[in-house]
Amino acid sequence: MTKGLNEEVTNIKFLIMKRTMFLLFSSLMMICSSVCFAQDGEPVLEGFPWPDPANKSIIEVPTVLEKIRIDGSIEDNGWNNAGVITKFYRSTDAGLSTIDAEVSVLFDKKNLIFRFDMPGTEANDSPEKCFLSNEYDLIRSGPNVCICLDPTHDHGVYYQFVIDPAGHKQDLRVADESWFSEWFASVDKSGERFRAEVLIPVSEIFKTPADGEIWGFNIVISGLSNEGLLSSTPIKLNLADAERFGHLMFKGSLPADLLVQTKSSLSEKHREQKEARLAANRAMCGPELINIPGEIKDIAIGSEFKLKGGTRISCLGLDNEKIIRSRYPFFYEKYDNQDLQRLRKLYRLDEVIAPGKNEFEQILLLNEWLVEHITFGSPPPIRPQALHILNHGLTGQTFFCTYLSFTLMQMYSSVGLTARKITTVGHGTLDVWSNYWHKWMQIDPSHNSYFRLRGTAAPLNSNEIRRELWRNGGVDMDMVIGTEQKVEKVTLQRRDKDGHFSYRQDAYAWIAYKTRNNFFEVPFTYWNFLYLMMEDEYNMDEKWTNLSTGKTDKREILSIRTNRTGDIFWTLNQAYIHLYENGKNGLKVQLETVTPNFETYEIVFDKNKWQRSGPVFNWELHPGRNILKARSLNKFGVPGPEYKIVLDVE
């Protein structure tokens, strides 16, 4: 124990010096980065710094009338006019590969047809079976070629069609192996090369593309080169991100000048798509503020002001916290998603949380239900998704932290609460927004627990936990377990098995926050999302290193760092009250919120009943005490916390 305390003291001294450096650095950053903030210090919403597509490559796909035989021979005359791909790029550095490979593509008004001519290799004679289907899991089993199609070109959901040298097939919706479709493939096994033909009936599976239509597209080659994973688009690391795919353009009978025009407009189309997606995401969180002149600002308890007509008003009560907005968007699961609704109804989650006397108790009940029904342990080889995990977990299949936290995140979303998956060093858990506490709180389904400061009731969020662990080893915290809220004190005690602290600060050196929770809408795979990462005096100028490989962790590469807490811990479900002069003796009110899946506002005057309201309305004042309460309501019927202003009118 003495050794542990001495190490902790040494560590704290080092961190005090480091913090001083960080504060100086932060001051310089505020000066250099002032363009990011408005004059009042509020962040200017810049939109997420998505990359442009990895390149603007467009493969022109001709339409042919001649029938192509899908026999693997790749010798039909129709291939003479095909769109051809001969350049492939390493996923490690996006550099050009030396592989001798060719992919050709045609369209026959109903089907996309591909021809592969690849280096030969021995096929896996006994590929593993998929866990969720009767197909072979080719992506994990051995050499393969994968066709990725984004038919809506919205850079979200895409479909994979995989074939190996033995002719085995696999299809996936992003990485969800339970998706299935009819398509055809044939491999020529007579030569030394890997030659194959694939026919995908896109008109039946998706839609018939119009002349000049552009789809997202990528070819991934695995196990056929000593250069690792290869791609038809120069994408570094995250081949699974449809935002970075190349493109197929269906030529049809489009004139040459229109083909050129369509190609040249690609960048503008991507920009419009991004703006539309951001606008739709904002719209689902509530009405935008409109410009109303005459706002009365700096209202506080005890403050007084006079309207133009001479009416004197004083503020007797105020519960009206300002909204904190992130500079970066977060994409929320939509209320009307069928899988989200199915999750709530199939597992009767409304009944699970019904005994809770308040929303905080409901948060604990849902976590405890998951802990009691799913055993912690090694998972099967599937991507995390709540419906799959509960289906198999309730029959005995084990799952570890990443899967449990993903499941709990989607369970919370299904009952109208907002949660987001987070990753610390070697552990997966989540933060959930609590209307009861007006803050984010970390909850851990692996341990059925949350943390709070000793002597207080409010739960801590993940960054507050991290800072406590690095400040003094977390000894001022309690870990609170289960709905019974059994308390376990955080100590500096070390574990016998490896000598590490039982509550490890190094596990919280970094936290990566996913920038979306809509994993029903766009299924999870590695790495079709970006991260935000908090930077402060405890991790400034350091890189997240993978403990297994010693190399820079992929979360470091895919993260945007920020030292502004509000970028990661923005506030939700408020109904901030703006007041404006309205004529000589009246007030106009505008409400502001960030409420995912916003439905409406509810307001109440004085001692009347709650009523639905639009964002802007008149407040008819009367002599004496005037009370206005407001709250947001989401589409699940979950109300936000109450906001209130009490005014005394002479």
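Remark: side-chain polar atoms of Thr398 are not paired, donor with acceptor, to backbone N or O of Thr375 under 3.5 angstrom. Using a distance-only test at 3.5 Å, with no hydrogens or angles considered, a donor-acceptor pair links the side chain of Asp211 to the main chain of Ser253. Side-chain atoms of Asn337 do not come within 3.5 Å of backbone N or O of Lys334 as any donor-acceptor pair. Looking only at distances, no side-chain donor or acceptor of Asn124 sits under 3.5 Å from a matching main-chain atom of Gly142. For the pair Lys554 (side chain) and Tyr526 (backbone), a donor-acceptor distance under 3.5 Å is absent. Between the Arg195 side chain and the Met118 main chain, no donor and acceptor come within less than 3.5 Å of each other. A donor-acceptor distance shorter than 3.5 angstrom exists from the side chain of Asn517 to the backbone of Glu333, with no hydrogens or angles considered. Without hydrogens or angle criteria, Asn281 side chain to Phe330 main chain gives a donor-acceptor distance under 3.5 Å. Panel note: side chain Arg115, backbone Ala82; no donor-acceptor pair is recorded below 3.5 Å. Checked by atom type and distance alone, the side chain of Glu102 never pairs as donor or acceptor with a backbone atom of Asp117 at under 3.5 Å.
Salt bridge absent: Lys67 and Asp108 never bring a charged side-chain N and a carboxylate O closer than 4.0 Å. Taking the charged nitrogens against the carboxylate oxygens, Glu272 and Lys269 have no contact shorter than 4.0 Å, which rules out a salt bridge. By the 4.0 Å N-to-carboxylate-O rule, Glu213 lies close enough to Lys207 to be salt-bridged with it.
Each side-chain hydrogen bond (donor to acceptor under 3.5 Å, both in side chains) pair with one or both residues in residues 79-88, not counting sequence neighbours, appears once here: Trp79-Glu197.
Using a 30° and 60° split on the angle between ring planes, Trp544 and Trp510 fall in the parallel class, below 30°. Ring planes of Phe519 and Phe529: perpendicular class, angle over 60° (limits at 30 and 60°). By the 30° and 60° cut-offs, the orientation of the rings of Trp179 relative to Phe206 is parallel. Between Phe114 and Phe217, the ring planes are parallel. Angles under 30° get that label, and only those over 60° would be called perpendicular. Using a 30° and 60° split on the angle between ring planes, Tyr335 and Phe636 fall in the perpendicular class, above 60°.
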Going by atom type alone, with no hydrogens or angles, which donor-acceptor pairs under 3.5 Å involve a side-chain atom of residues 386-397 and a protein atom two or more places apart or on another chain?
{"residue": "His388", "atom": "NE2", "partner": "Asp176", "partner atom": "OD1", "Å": "3.2"}
{"residue": "Thr395", "atom": "OG1", "partner": "His392", "partner atom": "O", "Å": "2.9"}
{"residue": "Gln397", "atom": "NE2", "partner": "Ser378", "partner atom": "O", "Å": "3.4"}

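Using modelled atom types, one finds a donor on one side chain and an acceptor on the other under 3.5 Å when comparing Tyr513 with Ser462. Between the side chains of Glu368 and Asn448, a donor-acceptor pair is found at a separation under 3.5 Å. Between the side chains of Asn218 and Ser232, at least one donor N or O lies within less than 3.5 Å of an accepting N or O.
Put simply, the side chain of Leu343 does not reach to within 4.5 Å of the side chain of Asp339, judged on heavy atoms. Using a 4.5 Å cut-off on side-chain heavy atoms (C-beta onward), Ile443 and Thr429 make no contact. At least one side-chain heavy atom of Leu259 sits under 4.5 Å from a side-chain heavy atom of Lys251. Side-chain atoms of Pro201 and Trp183, non-hydrogen and from C-beta on, do get closer than 4.5 Å to each other. With a 4.5 Å cut-off on side-chain heavy atoms, Leu112 and Leu248 count as touching.
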Ring pair (Phe, Tyr, Trp, His ring centres under 6.0 Å) between Tyr412 and Trp433, worked out: CA-CA 10 Å; Tyr412 283 139; Trp433 173 265; over 10 Å; no
Decide salt bridge (charged side-chain N to carboxylate O under 4.0 Å, His left out) for Glu556 and Arg561; before the verdict, give the C-alpha distance in whole Å, the side-chain angles of both, and the deciding distance to 0.1 Å. CA-CA 9 Å; Glu556 173 78 33; Arg561 293 190 178 205; 2.9 Å; yes
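For the atom pair Cys130 SG and Asp171 CG, the distance stands at 8.5 Å (nearest 0.5 Å). To the nearest 0.5 Å, the span separating CG on Asn367 from CD1 on Ile353 amounts to 13.5 Å. Residue Ile70 holds its CD1 atom at 9.0 Å from OG of Ser73, rounded to the nearest 0.5 Å. We find the CG-SG distance between Asp444 and Cys401 to be 8.0 Å, quoted to the nearest 0.5 Å. For the atom pair Ile99 CD1 and Ile221 CD1, the distance stands at 4.5 Å (nearest 0.5 Å). The structure places NZ of Lys514 at 7.0 Å from CZ of Arg555, a figure rounded to the nearest 0.5 Å.
For the pair Arg383 and Phe406, the NZ or CZ position fails the cation-pi test of under 6.0 Å to the six-membered ring centre and within 45 degrees of the ring normal. A cation-pi arrangement is present between Lys129 and Tyr136 under the rule of less than 6.0 angstrom and at most 45 degrees off the ring axis.
Annotation for Gln338: atom CD does not count as buried by contact number, only 12 or fewer foreign heavy atoms lying within 6.0 Å. More than 12 heavy atoms of other shown residues, nucleotides or ligands fall within 6.0 angstrom of atom CZ in Arg140. Taking a 6.0 Å sphere around CD of Glu372, one finds it holds more than 12 heavy atoms contributed by other residues, nucleotides or ligands.
A centroid separation of 6.0 Å or more is found between the aromatic rings of Phe245 and Trp215.
The two residues Pro596 and Asn634 come nearest to each other via the heavy atoms O-CB, 3.6 Å. For the residue pair Ala185 and Lys169, the shortest heavy atom distance occurs at CB-CD, 3.9 Å.
Applying the side chain to side chain contact (heavy atoms under 4.5 Å, CB included) test between Ile511 and each of Leu532, Thr424, Thr423 identifies Thr424 as the sole match.
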